[in-house]
Amino acid sequence: MNTPTSVAHSLDRATCTALDAADALAPFRDRFVLPAGVVYLDGNSLGALPGHTAAHVQRVITEEWGTGLIRSWNDAGWFAKPVALGDRIAPLIGAAPGEVVLGDSTSASLFQAAVAAVRMRPGRRVVVSERGSFPTDLYMLEAVQELLGGDEPLERRLIHDEGPSLEDVLGDDVAVVVLTHVDYRTGRMRDLAEVTRQVQASGALMLWDLCHSAGAVPVDLNGAGADLAIGCTYKYLNGGPGAPSFIWVAERHQSAAKPALTGWHGHARPFDFEFGYAPADGITRFRVGTPQLLSMAALEASLEIWEEVDLEAVREKSLRLTELFISLVDARLAPWGVEVVTPRQSALRGSQVALRVEDGFAVMQALIERGVIGDFRAPDLMRFGFAPLYVSHADVWDAVAALEEILSTEVWREPRFARRGAVT
Ligand SMILES: *Cc1c(COP(=O)(O)O)cnc(C)c1O
């Protein structure tokens with residue numbers, strides 16, 4: 001499904017609205033609350049709010065907390081919630097029931113999973129990751145090195161597009177490889193099955209970061225025979241700000257996997273209040289302490305939508321949206337030196353597109369003021385996420401038209417667009 005640039009020249013907004021009229025996923029847009037006049041292309045950072053989330057969270061607060069009080073740990077299924085919701089995320093990532101548990105933040109979950117993986121490969125003293133990874137992943141791996149270093153240091157090897165490659169760094173000393181399936185900046189997608197196979201052939205375990213994959217692209221962890229994975233629920237899954245991360249551990253590894261953080265909710269008998277730690281069976285051992293139940297309530301609401309969604313249809317529309325965007329950028333924004341950084345080959349692309357733009361920060365601020373919300377990643381990337389449940393083809397048209405206007409009028413040069421907040 002390629003939209004060549006010549007087609008983009010002949011495209012107009014009416015063609016885009018016709019594509020929307022024929023779009024089987026279009027009705028999902030009404031399930032979300034989006035402010036009028038906003039084109040929201042940042043669902044890869046914070047997913048949009050489902051229309052029924054507020055009422056559901058309100059009910060959990062007033063009925064389960066307010067009236068049920070402590071009884072809700074049993075009566076409302078609070079205690080089982082992290083694994084119950086994990087079972088509902090499982091089909092979105094090719095996992096089985098009992099393999100996924102909701103955790104803390106992605107950073108903490110990565111630490112939990114990476115420590116478990118290194119301990120499952122005793123004698124292997126290397127952790128492999130990628131230089132361009134989301135920095136928190138690398139920061140957490142530094143902590144893993146510090147924790148498990150001891151007398152024999154744990155080495156970290158980082159691959160990079162300009163070398164070394166994965167093949168260069170793999171060897172019989174590598175315990176685990178930690179890679180992001182879809183790159184947070186460029187949107188480049190790795191071949192999950194092929195990389196898993198390559199890593200496992202060296203005897204190492206494969207730990208995937210699915211932050212930009214869950215809800216964005218079909219993922220088949222068990223089909224690929226992967227080992228461990230973690231991911232966010234507040235991006236494409238619309239769980240809301242602070243929604244918990246998830247951890248997946250393949251069933252075959254669960255009895256050997258020892259979590260880094262041995263809290264009481266991961267204990268075999270938490271309410272026996274025993275003196276010593278004994279891990280629970282299965283994925284439950286990856287729980288730590290009291291779960292964030294109000295955040296989980298918001299996620300529980302959004303998962304109702306995800307249960308109705310065909311992920312193949314999501315992928316198909318996602319590629320249509322990103323291809324349309326790339327074609328329009330090529331056709332209309334070339335005079336300003338705008339460069340598409342995201343792979344043009346659909347198999348190598350997630351659900352976002354990054355543009356390299358000089359002064360991209362100020363250009364993005366001007367774009368946001370015009371109602372088109374994307375984000376910026378230093379030093380020069382403007383990121384646009386295309387969440388197929390609520391982004392339309394007309395949105396793509398309007399976003400590129402707004403960007404063209406901002407670049408041609410140079411309104412972005414106004415000093416107010418250069419001011420940076422704490423979050424970009
Ligand atoms: C969004 C994202 C994170 C975020 O980590 P938190 O601990 O949830 O803040 C981590 N890793 C990757 C690859 C991400 O895209």
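Sequence positions, counted from 1, serve as the residue numbers for this chain. Given the structure is predicted, the values throughout are model-derived calculations rather than measurements. In listed order, ligands and their atoms are each counted from 1.
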For residues 72-79, tabulate all N or O donor-acceptor pairs below 3.5 Å that involve a side-chain atom, not counting sequence neighbours.
from  : atom 1 : to    : atom 2 : distance (Å)
Ser72 : OG     : Glu64 : O      : 2.5
Trp78 : NE1    : Glu64 : OE1    : 2.8

For Leu348 and Met189, run side chain to side chain contact (heavy atoms under 4.5 Å, CB included): C-alpha distance rounded to whole Å, both residues' side-chain angles, the deciding distance at 0.1 Å, then the answer.
CA-CA 5 Å; Leu348 301 181; Met189 183 164 74; 5.6 Å; no

Given the rule in the side chain to side chain contact (heavy atoms under 4.5 Å, CB included) test, do Val178 and Trp208 qualify, once you have shown the distances and angles that lead to the verdict?
CA-CA 6 Å; Val178 184; Trp208 285 106; over 6 Å; no

Side chain to side chain contact (heavy atoms under 4.5 Å, CB included) for Tyr236 and Asn44? Distances and angles first, verdict last.
CA-CA 6 Å; Tyr236 290 94; Asn44 53 320; 3.3 Å; yes

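Identified under the salt bridge (Lys or Arg N to Asp or Glu O under 4.0 Å) test for residues 381-396, with sequence neighbours left out: Arg29-Asp395, Asp375-Arg383.
In this structure, the side-chain contact (heavy atoms from CB on, under 4.5 Å) partners of Gln254, at least two apart in sequence or on a different chain, are Glu99, Val249, Glu251, Ile283.
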Could you list each N/O atom of ligand 1 together with any protein N/O atom closer than 3.5 Å, one pair per line with the distance?
from     : atom 1 : to     : atom 2 : distance (Å)
ligand 1 : 7 (O)  : Thr106 : N      : 3.3
ligand 1 : 7 (O)  : Ser107 : N      : 2.8
ligand 1 : 7 (O)  : Ser107 : OG     : 2.6
ligand 1 : 8 (O)  : Thr106 : N      : 3.4
ligand 1 : 8 (O)  : Thr106 : OG1    : 2.7
ligand 1 : 8 (O)  : Tyr234 : OH     : 2.8
ligand 1 : 11 (N) : Asp137 : OD1    : 2.9
ligand 1 : 11 (N) : Asp209 : OD2    : 3.3
ligand 1 : 15 (O) : His212 : NE2    : 2.8
ligand 1 : 15 (O) : Lys235 : NZ     : 2.6

